[in-house]
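Each remark here refers to the structure printed beneath this line.
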Amino acid sequence: MLLWLSVPLRQPHCRNSSLLKYLYSTSTNDAPIENIRNIGIIAHIDAGKTTTTERMLYYGGYTRRIGEVDQGSTVTDYLPSERSRGITIQSAAITFPWRSHRINLVDTPGHADFTFEVERSLRVLDGAVTIFDAVAGVEAQTEKVWRQSRNLARLAFVNKMDRVGAGFGRTVREIRSRLGARGVVMQLPVVNRETFVGVIEVLEEQILVWEGGDGSHVTRTNLMDHLDRDLREEARKARESLLETITELDGQLMNKFLVLDDFSKFSMSDIKSAIRRLTISNSIVPIFCGAAFKNIGVQPLLDAVIDYLPNPKECFPPIIYDADGKQIANLGESCALAFKVIHDSKRGMMVFVRVYNGTLTRGMVLQNTTSNTKEKVTKLLRMYASDAVEIPEISTGNIGVILGLKETCTGDTLVASRKPSSIRLQNIPVPPPVFISVIEPFSASNSKDLDIALVNLLKEDPSLTVSRDEETGQILLSGMGELHLEIARDRLVDEYKVKADIGRLRIGYREQVIQDSITQIKVVDREVGGKRVRAGISASVGLTTGSGIQIDGNEFDLEIPVELQSNFSYQELRNAMLTGAQAGLLRGSLISLPIYSSHIKLSNIQLFPESTLGAISSAARLAVSSVVSSTETVLMEPVMSVSVIVPESCLGGVIKDISGTRGGQIECFNDATEETKFEQFHAYTPPDHTWNGQVKEMGRPRVIKAIVPLKEMVGYSKFLGGLAAGRGSFTMVLHQWQRMSRERTKSCLKELRGY
Ligand SMILES: Nc1nc2c(ncn2[C@@H]2O[C@H](COP(=O)(O)OP(=O)(O)OP(=O)(O)O)[C@@H](O)[C@H]2O)c(=O)[nH]1
C-alpha cells in the first residue's frame, strides 16, 4: 500500500497585522527558556543565507510573500546599499515562531570585509545553520566562519541542490575533510528526471516531495513503499551508519544498545535525543539538503533547529571577568552584552543586547561596567528586521533592543544592580583596519554634520576607525577592506546626508621607528578659558621590546612616580598620558603616516599647581610627536594570509599569478575534497552522479594557501572571477604588518607622494 499525505508545512501569517503582532509579542514574551533558539545563519558570500532566511520567515508565518534577493525585496537585507548590491552588510535580527518555539535569528554577511559583524553576532548566539552551495562545496569564507563559530552547535544545509553540478556527497566529504566536522547525513536528495524535487528523511524513512509553488505543500510517502530499490538501499545504508555513529559517540544511547542489542529497537525519541546531545556538545554536525530558491527543504531544516540546536540554558556559559580581569564562574546580577549599536533616524540609538542573566525592564537604570557610566532604559523592543514591537521586558536567554542608552558601544557589559558592579562579559575584539580614505567636508558648516555622522557610524561599526591629521586637518576613515569602506562612504552620503568629498581608497600603510631616539622634553604652559594650565613630560621612541602596555600595535612604557599620585589618581595620569601619546603618533618622519610596532616611553612628568589632565595629555602629545618627527622610520604594509579555492584546471594560472605578478609566497596547495588536515571521520557518504561530469570538465577543487601583500590583492576577486569562470573563491585575513623592501618602499612613496 502506498501511503501518502499532503500536508501544509506553514504557520498562519502574522506580519502586517498589528493585533497579531501584539498578541504574538506578548504571548511569547514569557516563552519558557526551553522554547527559545538563538541562531545565526552563516556561510560564504552568495551561498543562499538570505534566500533561506526569507523562506524561514514565510513558513514561520512572519511574511505574506517570499522576498527575493535579486529583486531587492527581502526582509533582512533592508538597507538601501544591501538591496542595491544584493548582499548582506549588517546582521539583521529577526524573531519568528516555529512549532510553538521562538526563533531569534540573525542573518549574517558573507563577505570577508564584514568578519567583525559576523564575530559580534556569533558571540551572542547559541547555535548556527551553516549554508553550503552544493556546486561550490566548502568555499574559502566557509572555513573562516566555521572557525569563528567553533563554540556553537551547528547544522549544515547543503543548498542549491537544483543547480547543474550540485554535489551533495562531495560537499559532505568536504565538510568532514576541510572543516574537520563529524558530518552525519540526515537526508538524501530525491531527483526526478534530473530535477531535484525533495529529500529522503533518513531517520524517519520517509520521502518528502515538494509540490512546487511557494513550497507550502509537501507530499510525504513511506520510503519502504518506494519502487526504486537503489534508493531504498542507499537510505538503508545512510540510516545504519547514522545509528552506528551516534551510538558509538553517545554514552546514553550506547547503554541502551548494550541492553537492547539491536539498533532497530531504539525509539525515535531516544535517537533524536542522542543527536541533540551530540550536536550541542559539538560532537557531530547533522547535514541536510535543499534548494531554498526553489522552496525545497526549508521546513525540515526549521524542525532540525528546534530538535537539535540548544536552548539558551544548554549552551556554553559566557566568559565573565571581575574588576581585576580574573575569570569568574557565575553571574550574580542581571546582566547583558551589547553586541550591536545602530543609529536610527527615528528611534535614536538602538542597542542590541543578549540577556545572560535576570530580566531587563523598561525604566531600569543600567550600569555600563565597561565605561563606568549609568544610563536609563526608556524602551525595550523586539526586532523584526527593520520593524520593531515594544515589549515590557527582555528576560534571560533573549535578544532584544534597548532605547535610551547614548553612551553604550558594541562589546559593553550592562548590569542591572543597585550595588556598584565590576563584572564584565568578554569583550568583542576589533581587528586592525587596513584600508584608508580621506574625507573632507564641502565647507566649514558641513564639518559639524560630518563629525556627528562619523561618531554615529563608529558606534554602529567599531571596525571603522576615524583619525584626524592635526596638521592638514584631514579626516581619515579606516576600515577592513575595499567593500567595507565603499559602503561606509555610501552610508555617510545616502543615509546621513553628509556633504563631503570622499577621497579614493588606499592601503593604510604605517611607519615603524627603527632606531632609539634621544629623549625630548615638552612643557605646556598656556591659558585655557582665562586660566593658566601647565605640565611637562619627556618622551623617547625605539624598537619594540615586548614589554609595556600594548595598544593598537604599539607598546607604551609609562614612568609614574608614586609621590605624584597624590594630585591625580594613577589611573587618571595613565589615561591622560596614553591618550596624548597615541595622538602624537599620527605622523611619522618619512611620509607622515601613523607609527606602528614601536616602543614609546614617557618619563620625567612635571606637575605644577596649575596642572590639569588636559595639560598632561597635551604635553605627552607634543613630546611624542616631536620625538617621532625627528626619528628615522621605515614603511610597513599589511601582508595577508590568502586562501584560494579553484578547479584543478585553473591551479597553474593561480599559482603563477600569485607567486609571480603579485610577489606572494605559496605555502601549500591541496586537493580540497581529499585534504586530510583533520582526523578522518568515516561514515556513510552518498554517491554523486551530477558532480562527475563537472570533474571531467574543470577538475576537482584545489586549495592554495599563500602569503601576499595586501596591495597586490586589490581587485583580486575580478581577476579570479575571469580566470575560474565564476568557480573560484578566496578569502584573506591580516597575517602581519611587515617592513617593506627597498624596492617596494620606492614605488609606494612614489604612489603616495604622486611623484
Ligand atoms: N539556483 C539556486 N539559486 C539560489 C538558491 N539559493 C539562493 N540562490 C541564489 O544565489 C544568490 C545569492 O543568494 P543570497 O541568499 O543573497 O546569498 P547570501 O548567502 O545571503 O549572500 P550574502 O548575504 O551576500 O553573503 C541569489 O541570486 C539567489 O537567488 C538555490 O537554492 N538555488
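Here the structure is a predicted model, which means the values were calculated and not measured. Just follow the structure's listing: the first ligand is 1, and inside any ligand the first atom is 1.
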Salt bridge or not for [X] and [Y], using N-O below 4.0 Å?
| X | Y | answer |
| --- | --- | --- |
| E174 | R170 | yes |
| E460 | R491 | yes |
| D126 | R354 | yes |
| K705 | E143 | yes |

For ligand 1, find out whether one of its N or O atoms is nearer than 3.5 Å to an N or O atom of [X].
| X | answer |
| --- | --- |
| T50 | yes |
| R163 | no |
| A47 | yes |
| T108 | no |
| G290 | no |
| T52 | no |

Parallel, tilted or perpendicular: ring planes of H343 versus Y496, cut at 30 and 60 degrees: parallel
Output the list of atoms in ligand 1 that are nearer than 4.0 Å to some heavy atom of [X], sorted by atom number.
| X | result |
| --- | --- |
| A292 | 31 (O) |
| D162 | 1 (N), 2 (C), 30 (C), 31 (O), 32 (N) |
| A291 | 31 (O) |
| G48 | 7 (C), 13 (O), 14 (P), 15 (O), 17 (O), 18 (P), 19 (O) |

Side chain, backbone, both or neither: I45 near ligand 1, heavy atoms under 4.0 Å: both
Pair H484 + F116: ring centers closer than 6.0 Å: no
Over-ring placement of R120 relative to F352, 6.0 Å and 45° cut-offs: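 No cation-pi geometry.
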Nearest-0.5 Å distance that lies between atom CZ in R382 and atom CG in N104: 7.0 Å
